[in-house]
Structures are given as structure tokens and as C-alpha cells.
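For reference, the structure is listed below as C-alpha cells.
Here the structure is a predicted model, which means the values were calculated and not measured. By convention in this document, chain letters (A, B, ...) are assigned in the order of the sequence lines, proteins followed by strands, and residues within each chain are numbered from 1.
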Amino acid sequence: MTTSNATNSLIEDLRWRGLLNQTTDENGIAELLNSGPQTIYIGFDPTATSLHVGGMMQLMMLRRFQRAGHNPIALVGGATGMIGDPSGKSEERNLLSADQLQKNVDGVAAQMRHFLDFEGENAAKLLNNFDWMKDYSYLEFLRDVGKNFPVGAMMGKESVRSRLESEAGLSYTEFSYMLLQAYDFVNLAKTHDCRIQAGGSDQWGNITAGIDLGRRMLGKQLFGITAPLLTTSDGRKMGKTESGAVWLDPERTSPYAFYQYWINVADEDVMRCLAYLTEIERAEYDELEDKTKNDPGQRTAQKRLAQWLTELVHGEAGVQSAQRATQILFGGELGDTTDSQLREIFADVPSCDVPKSALEGEGLWIVEALQTAKLCNSGGDARRALSEGGVYVNNTRVEDVQKRLTVDDLDGRSVLVLRRGKRKYALLKIQD
RNA sequence: GGGGGUUUGCCCGAGUGGUUAAAGGGGGCGGACUGUAAAUCCGCUGGCUAUGCCUACACAGGUUCGAAUCCUGUAGCCCCCA
């Protein structure tokens, strides 16, 4: 698997995908990769218990190397996370507690298993820099590492310069961040013969700092690769919605919401996403590009993207439930969808409990139900919505202002699906 | 300290005694169209126990059959003089 052919095709592939933003020495890297299996590392910031889209792209990078026969190291920054990387950030961020950090590291580590193979010949490794930083004394660190850092060079780094010029400034702690990450690289070079560090383009300064340090401390030539940031055609970061970031954790972003995010990627962005985030081959890529151009309404590329990523992150079952939810949430008949399927599909839709007794006798007045479900914020609003034809019960339009919901509307299930407009849903869970 | 102006619904902005819950625009919400898009078009946009009732045009009070519209006071903003 680790033939020079595979390696060449790896670099080729990365270049074709547009994933080579900057490299310290492209020929040197190609040569190194040709000489046999190499170890490559990428650092992950444990700022939350889950990764988001940016981290996914980095994990894919490691995965590409692993598939080409190299040894990936995913480094979680248990130590650096205590400091906070100033790169690309406009303000100092709050320090995380050690306790929270540990939770974050655990959460992030679990997600990595979807992307990397931690078994077998070139198994991926998961390391935590807290392990080698925790007992490193300040004095020792300054003597070993600090003295190799000319302040002038540090001041020249983009991450430092931009912050110094801004209002927010930069604390000494953040200023020191670079030393820690540089040392990580050197330490991995020493202990794992890891000679390549990759990362997002905002990591360039930190990576080159590590390369300099490697030369000074080890006399070893290290290499760096950065990938472009995944942005939309209008220049914003991918992975953000009105309601926040898109997470890999199904508790934070349901498989349905995750799937939907990718389905909704703009035509102008979808091919780049496919290139950066998936492993589709060139032939299929060209075919999808063609379909996007000639028959954009089908959104074949978006569907492929959503399906590919959802399957990777949430598994085959995740894809199925997302697709089933899509069908129902976009106006499909409930038909014989079962109770438990409904509850799963509407899992991330606001819901409220209603006692079964409310449906008995006269039943529950639709105007009240809409308010209880928070779909309308007043009786007038509800009446209006009804008369506008914007209210649906179980995906069937209701226009009668006097409509009362009764046991008959349950149709044997234990939930009522209320909808306002095209896709604002709420669930009434009927309690015995 | 003296004089003048201004204050309208989520926002902008008409309205200077009588069908004014308040023109117009924006936003928002529905609907049609569509690709779960963009653009476009149409409707709605104070509350309620709702063919009616109540509360609203900075706030408090007054004149009047009747006020967002007139008067007095209070507060905010703006301008001029000192």
C-alpha cells in the first residue's frame, strides 16, 4: 500500500482537491512520503465536548494519509486547550477548567473513531499533550524551549501581529501559546518520528514555529502542510447556521439537522465541500459537477455530500433516519409511520406534553393548541394563521378556526404533529 | 438659565378634531410559484371568552358629543441665544 505510487497519488489527490494551501517544502514532503510510511499529526482544540465542521476537515486530512499507508496522530490539546490559541481569534478567550477540559477531550476522542482506524498496521494514535506538559516545570521549559524563540520572530507572526494591532491586545499567556504547540511538534518528532504537521491555514504560524524549534533543538528537518479554511462563496465560515454551529455530536446536532445542513449547501459551494470533506473520486466528481450545472434543481451533488458525510459521522442508521425525517418534515403524509419513528423524526422539534384527557369530550381547541405548542404567540395570531391556510395537523391543512383536536386525530398514535407554515413544527405528546 | 422644534405601531415614516387599529415603505409571518434556492406575485401583521368588546399614537391631566390631532404639566431628544 505504501508504494511510491500511492504516495504520489496522495499528493496528487490533495492538490486536485485543493487541500494544499501552503507547504513548507513541497518537493521535500513528496520525497519524504516516497521514502516510506511517515507519521503526520494534526492538533485539535478541545473547546467543546464535540468537534464541528472544521475539525471534520482536519480528520479527513489524517484519514487520507492513513489510507495512503501513513501513520496519523490526532493530538488533543489537553494542555494547549488550557491556554487558548490566539490564531484567527479577535479576542482572548476564557480559560477552561481542567474538569471541563477532560470532558471535552473525551468527547472529541470518541468522535475521531468514525474517521480514523485505531487498529491494525498503521493504526492511528490519539495523544494528549497534557501528558508531556503536565510535569514540565516552568523553569525547565524556559531553558529548553523558550531560549530558542527569538521574540522578534514571534512578533512577526500574523497571529500575534494582528492581535497587537487590535483593541483586544494579547496576554502573555496567549503569546506563549506558540511555544507549547511548537514543542508538541518537536516532542512528537522525538518520540514518534513525526516529521509532518498539518492543519488549517490559520495554523501556519504555529506550524512553522515548530519547524524552527525542531531544527534548533533536534537538528531535524520537519515539514508543514496547511489546508484552506472551508468557507462559503460569500466568504463566511462553513458550518454555521442561525441556530449555531453544526456539531458532530448527535446530541447537539441531530443526524437530521446534520444531513439537512449539507443538503442546503449552495450550488457554488457544494463541489468544494465534496472535494474537501469526502473521498469521492474524480470521475464521480466531474459527473456531479456536470449535474449541478445542468440540472441544479435535482441537487444531486448536495444529496451525495449529505449522504456521504452523514453516513461517516452517524452511520447507515443515521442516514436512514435523516432521510425518513426529511421526507416527513417536508410535507410527506404521515401514512403508517409508527409512533416510535415519529418520535425519532421529531426528536429535535420543540414538543410539549398534553394530558390525554384534554382530547376527550369536546377536545382541544386548535387555537389553544397552537399557542401551547408555541407556534403562535396569541389567539389572534393563531386565528390569522388558520385563515391564511398556514396550519397543518399531521401534515394536513386545517382551516377551520373552530377545529377541535380529539382522540380521532391521534389515529392510534401518541403524538400530534402541528405545523405552521412550510416547516415550523411542534409536537404534542399525549400523556395518559 | 431663555427661546424654538420634536416624540406615532417591531423599524422608518404620513397623518393637525370625526368610519383612524392609524396612509406608505422596511422587516416579519402565511400563501402561490420553485430546487427545502434566488427572484417574483398575493394576503396578513395590538389583545380577547371575537359578526362583538377592550387597549393603543412618550407620560399625566384637561377641553370637546367626539382627540394621535387642541390646551396644561412632566420626561427624552434636537437646534439657537446666554
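B:G47 and B:C11 have their P atoms separated by 15 Å, with the value rounded to a whole Å. Between B:A75 and B:U64, the two P atoms lie 28 Å apart (nearest whole Å). Using P as the reference atom, B:U69 and B:G18 are 12 Å apart when rounded to the nearest Å. Comparing B:G9 with B:G28, their C1' atoms sit 14 Å apart, to the nearest whole Å. Rounded to a whole angstrom, the distance from the C1' atom of B:U16 to that of B:U6 is 15 Å. The same atom, C1', is picked in B:C53 and in B:G15; the two are 27 Å apart, to the nearest Å. One P atom belongs to B:C44, the other to B:A67, and the distance between them is 28 Å to the nearest Å. B:C10 and B:G17 have their C1' atoms separated by 29 Å, with the value rounded to a whole Å.
Residue A:Arg299 places at least one side-chain N or O closer than 4.0 Å to OP1 or OP2 of B:U36.
Inspection of the A:Thr208 and A:Lys157 side chains reveals an N or O donor paired with an N or O acceptor under 3.5 Å. In the model, A:Gln327 has no side-chain atom that pairs as donor or acceptor with a side-chain atom of A:Gln323 under 3.5 Å. For the 3.5 Å distance criterion, the side chains of A:Gln197 and A:Asn206 fail to qualify, holding no donor opposite an acceptor.
Checked against salt bridge (charged side-chain N to carboxylate O under 4.0 Å, His left out), A:Arg161 has the following partners two or more places apart in sequence or in another chain: A:Glu158. The salt bridge (charged side-chain N to carboxylate O under 4.0 Å, His left out) search around A:Arg195 returns none, not counting sequence neighbours.
As rounded to whole Å, 16 Å separates atom P of B:G35 from atom CG of A:Asn294. Per the geometry, NZ belonging to A:Lys422 stands 9 Å off C1' belonging to B:G30, to the nearest Å. Between the CD atom of A:Gln302 and the P atom of B:U36 there is a distance of 11 Å, rounded to whole Å. What separates CZ of A:Arg420 from C1' of B:U45 is a distance of 10 Å, to the nearest Å. The distance from atom CZ of A:Arg423 to atom C1' of B:G31 is 15 Å, rounded to the nearest whole Å. Atom CD in A:Gln298 sits roughly 15 Å away from atom P in B:A37 (whole-Å rounding).
Within the nucleic acid shown, A:Gly390 comes within 4.0 Å of sugar-phosphate atoms alone, with no base atom in reach, counting heavy atoms only. Using a 4.0 Å heavy-atom criterion, one finds that A:Thr326 contacts the bases of the nucleic acid, with or without backbone contacts as well. Heavy atoms of A:Arg419 sit nowhere under 4.0 angstrom from any nucleic acid atom.
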N/O donor-acceptor pairs under 3.5 Å from side chains in residues 377-386 of chain A, not counting sequence neighbours:
from: A:Ser378; atom 1: OG; to: A:Gly380; atom 2: N; distance (Å): 3.4
from: A:Ser378; atom 1: OG; to: A:Asp381; atom 2: N; distance (Å): 3.0
from: A:Asp381; atom 1: OD2; to: A:Asn377; atom 2: N; distance (Å): 3.1

Distance-only donor-acceptor hits, side chain of residues 244-252 of chain A, under 3.5 Å, sequence neighbours excluded:
from: A:Asp249; atom 1: OD1; to: A:Glu251; atom 2: N; distance (Å): 2.8
from: A:Arg252; atom 1: NE; to: A:Thr49; atom 2: OG1; distance (Å): 3.4
from: A:Arg252; atom 1: NH2; to: A:Thr49; atom 2: OG1; distance (Å): 2.8

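Residue pairs satisfying the salt bridge (charged side-chain N to carboxylate O under 4.0 Å, His left out) criterion with at least one member in residues 330-344 of chain A, sequence neighbours excluded, are listed as follows: A:Arg324-A:Glu344, A:Asp339-A:Arg343. Sorted by first and then second residue, the pairs that involve residues 302-334 of chain A and meet ring-ring contact (aromatic ring centres under 6.0 Å, His included), not counting sequence neighbours, are A:Phe258-A:His314. Within the structure, ring-ring contact (aromatic ring centres under 6.0 Å, His included) contacts touching residues 354-381 of chain A (residues at least two apart or in different chains) do not occur. Residue pairs meeting the salt bridge (charged side-chain N to carboxylate O under 4.0 Å, His left out) criterion with at least one partner in residues 264-279 of chain A, sequence neighbours excluded, are A:Arg63-A:Glu279, A:Arg67-A:Glu279, A:Asp269-A:Arg272.
A:Phe118 is listed as a side-chain neighbour of A:Leu126, based on a closest heavy-atom distance under 4.5 Å. Looking only at side-chain heavy atoms (C-beta outward), A:Leu309 and A:Met56 come within less than 4.5 Å of each other.
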For nucleotides 40-43 of chain B, which of its nitrogen or oxygen atoms have a protein nitrogen or oxygen under 3.5 Å away, and what is each distance?
from: B:G43; atom 1: N2; to: A:Glu388; atom 2: OE2; distance (Å): 2.9

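Candidate nucleotides B:A32, B:U36, B:C33 were compared by shortest atom distance to the side chain of A:Arg397, and B:A32 ranks first. Of the listed nucleotides (B:C29, B:C33, B:U36), B:C29 has the atom at the smallest distance from the side chain of A:Lys424.
For RNA chain B, the neighbouring residues in residues 259-271 of chain A, judged by any heavy atom under 4.0 Å, are A:Gln260, A:Ile263, A:Asn264, A:Asp267.
Atom CD of A:Glu360 has more than 12 heavy atoms from other residues, nucleotides or ligands within 6.0 Å.
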- Task: Kindly determine whether A:Arg419 and A:Asn395 satisfy side chain to side chain contact (heavy atoms under 4.5 Å, CB included), including the steps that lead there.
- Result: CA-CA 7 Å; A:Arg419 177 175 139 213; A:Asn395 273 357; 3.2 Å; yes
- Message: Could you spell out the base pairing of RNA chain B as a dot-bracket line? Use Watson-Crick and G-U wobble contacts where both distances are under 3.5 Å, [ ] for crossing pairs, | for partners on a different strand.
- Response: ((((((((.[[[..)..(.....]]]((((((.......))))))(((...)))...[[[[[..)....]]]]]))))))).
- Query: What one-letter contact string describes nucleotides 46-54 of chain B from 5' to 3', where B marks a base within less than 4.0 Å of any protein heavy atom, S marks contact via sugar-phosphate atoms alone, and - marks no contact?
  - Reply: -SS-B----
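Toward the 5′ end of RNA chain B lies the nearest nucleotide of A:Tyr392, the other residue of the pair A:Gly297 and A:Tyr392 mapping further downstream.
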